[in-house]
Amino acid sequence: MSAVLSEKSADVAAAPVQAQSIAMVLLGTGVVGGAFLKMLNTPAAAHLRLVGAANSRRQQTEPEALARRGLREELRQSGQPRDDAALLAALDASDAAHKVVIDASASAELCQRHPQWLAAGYHVVTANKALSGGSLAGWRALESALNSGARYGGSATVGAGLPVISSLKRLKRCGDALLTLEGVFSGSLSWLFNQYDGSQPFSALLQRARELGFTEPDPRSDLSGDDVARKLLTLARHAGFHLAEDEVVVESLVPEALRELSTADFLNRAQALDAPMAALLAEARERGGVLRYLARLNQRGHARVGLVTVPGDHPAARLSGTDNQFALTTTRYHDTPLVIQGPGAGPEVTAQALLGDVLELAGV
Ligand SMILES: NC(=O)c1ccc[n+]([C@@H]2O[C@H](COP(=O)([O-])OP(=O)(O)OC[C@H]3O[C@@H](n4cnc5c(N)ncnc54)[C@H](OP(=O)(O)O)[C@@H]3O)[C@@H](O)[C@H]2O)c1
């Protein structure tokens, strides 16, 4: 293991705050960004001032428009064309002590700009994990940009704000080291395998999960394991394992024949998942276990995400709903792991993770 983000720069804790001394621009006014905007009307956000907001095509920096409750809807119809420079200028024009860019998008392109914003002295708080869970070069760019003294808050990138990244940082600060990490990092895959008992075909369950909004519109985004791999990379890197993307072995649950189809065609042919999944379930039962889609990192830095059979007394066997679980074995949590478990998705808890990081970097 080697040290990653320096404690001073990676840690969002800092100096005391003065009223209205935090100015922010919000990039992304979708499900999470919308929940964040609602949270700005609560007393917890009294110190925060929104000076800009944007979706992928339009943005707004006019104080009156930003204060309107219909901002998110209005941005769909009107506003200035998208331009980062104008948003950063709005931050610069504020007299705030802390200037924060909040990324509530899923844009891989946008997150490549996090290092340059940090290097320019803006703090970045993000729900977008495409940088921390992307290429190793991107992660290294992030680390070196933190030399500017700006801070990076990524609590919302894993477990929708469950205290996983913060716990890893705290353990490291105390001289503890992560030995192994294991868990269920996807709400949709958690739900699917917590429910799957053979009483209905796997494809029917998948359809239900989609209707309930637990999966992406194209469920292959969940079933591919790529999102889980990005979360495992993010956590491993925070713990000091400098892993490259191709060092995570990813078992996709999408058969090759279904990978290139349109979403509609995939959904029509999802029954192709049923027989192989039923066979895996029968095999797991014969061994007295259950199926779980687990992310695993071992002491040598070997990382894998995929479907495994776990015994009935395994912590992941006792999960319910869409809960996430993170089991951390460290030099001091050695005999039994430190287990962090709870809702790992949802707009409100994710928006709260963004808010918490913003407040923490300003020492509120
Ligand atoms: N939903 C959850 O429960 C949850 C939980 C944990 C983490 N997350 C993460 O949170 C992020 C947002 O998720 P979401 O569910 O809110 O997604 P979403 O509803 O699809 O919203 C994404 C937003 O980002 C905007 N956007 C895209 N590119 C942009 C750009 N270049 N500049 C400014 N805005 C841009 C989109 O604009 P348009 O409307 O114009 O397309 C949209 O407003 C994702 O990274 C996701 O993985 C979500």
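Start at 1 and go down the list; that is how both ligands and their atoms are numbered. No experiment lies behind these values; they were computed from the predicted model shown.
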Out of curiosity, is K129 lining ligand 1, as in a heavy atom under 4.0 Å away? yes

Below 4.0 angstrom from a heavy atom of [X], which ligand 1 atoms are there? Numbered from 1 as shown, please.
X: L110; result: 30 (C), 31 (N), 32 (N)
X: S107; result: 28 (N)
X: G30; result: 16 (O), 19 (O), 21 (O), 23 (C), 42 (C), 43 (O)
X: R57; result: 40 (O)
X: G346; result: 3 (O)
X: A156; result: 6 (C), 7 (C)
X: A106; result: 44 (C), 45 (O)

Indicate yes or no: at least one non-hydrogen side-chain atom of D222 is less than 4.5 angstrom from one of F214. no

Would you indicate whether the side-chain heavy atoms of S105 and L27 approach each other to under 4.5 Å? no

Taking the basic N atoms (NZ, or NE/NH1/NH2) and the acidic carboxylate oxygens, is any pair closer than 4.0 Å for [X] and [Y]?
X: D103; Y: R113; value: no
X: R220; Y: E216; value: no
X: D265; Y: R269; value: no
X: E143; Y: R237; value: no

My question is simple, although I want it checked carefully: is atom 17 (O) of ligand 1 less than 4.0 angstrom from any protein heavy atom? no

Heavy-atom protein contact below 4.0 Å for atom 40 (O) of ligand 1: yes

Looking only at protein heavy atoms, which one is nearest to [atom], and how far off is it?
atom: atom 10 (O) of ligand 1; answer: A127 CB, 3.4 Å
atom: atom 5 (C) of ligand 1; answer: T350 OG1, 3.1 Å
atom: atom 48 (C) of ligand 1; answer: V32 CG2, 3.6 Å
atom: atom 25 (C) of ligand 1; answer: G28 CA, 3.7 Å

Using a 4.0 Å heavy-atom cut-off, say whether N55 meets ligand 1 through its side chain, its backbone, both or neither. both

Of the side chain and backbone of R82, name the one, both, or neither that has a heavy atom under 4.0 Å from an atom of ligand 1. side chain

Options [options], ranked by nearest heavy atom to [atom], top entry:
atom: atom 44 (C) of ligand 1; options: A353, A104, S105; result: S105
atom: atom 43 (O) of ligand 1; options: N128, V31, T29; result: T29
atom: atom 38 (P) of ligand 1; options: G159, G213, P217, S56; result: S56

Between T309 and A284, which heavy-atom pair has the shortest distance, and what is it? OG1-CB, 3.5 Å

Just by distance, with hydrogens left out, do N55 and T29 show a side-chain donor and acceptor under 3.5 Å apart? no

Look at atom CD of E211 and say whether more than 12 heavy atoms of other residues, nucleotides or ligands are closer to it than 6.0 Å. yes

Donor-acceptor check, side chain of E251 to backbone of L307, threshold 3.5 angstrom: yes or no? yes

Mind running side chain to side chain donor-acceptor pair (under 3.5 Å) on D176 and T331 for me, showing each step along the way? CA-CA 6 Å; D176 202 353; T331 46; 2.4 Å; yes

State which residue, out of H238, H114, H123, fulfils the ring-ring contact (aromatic ring centres under 6.0 Å, His included) condition with Y152. H114

A160 to ligand 1: N or O pair under 3.5 Å? no

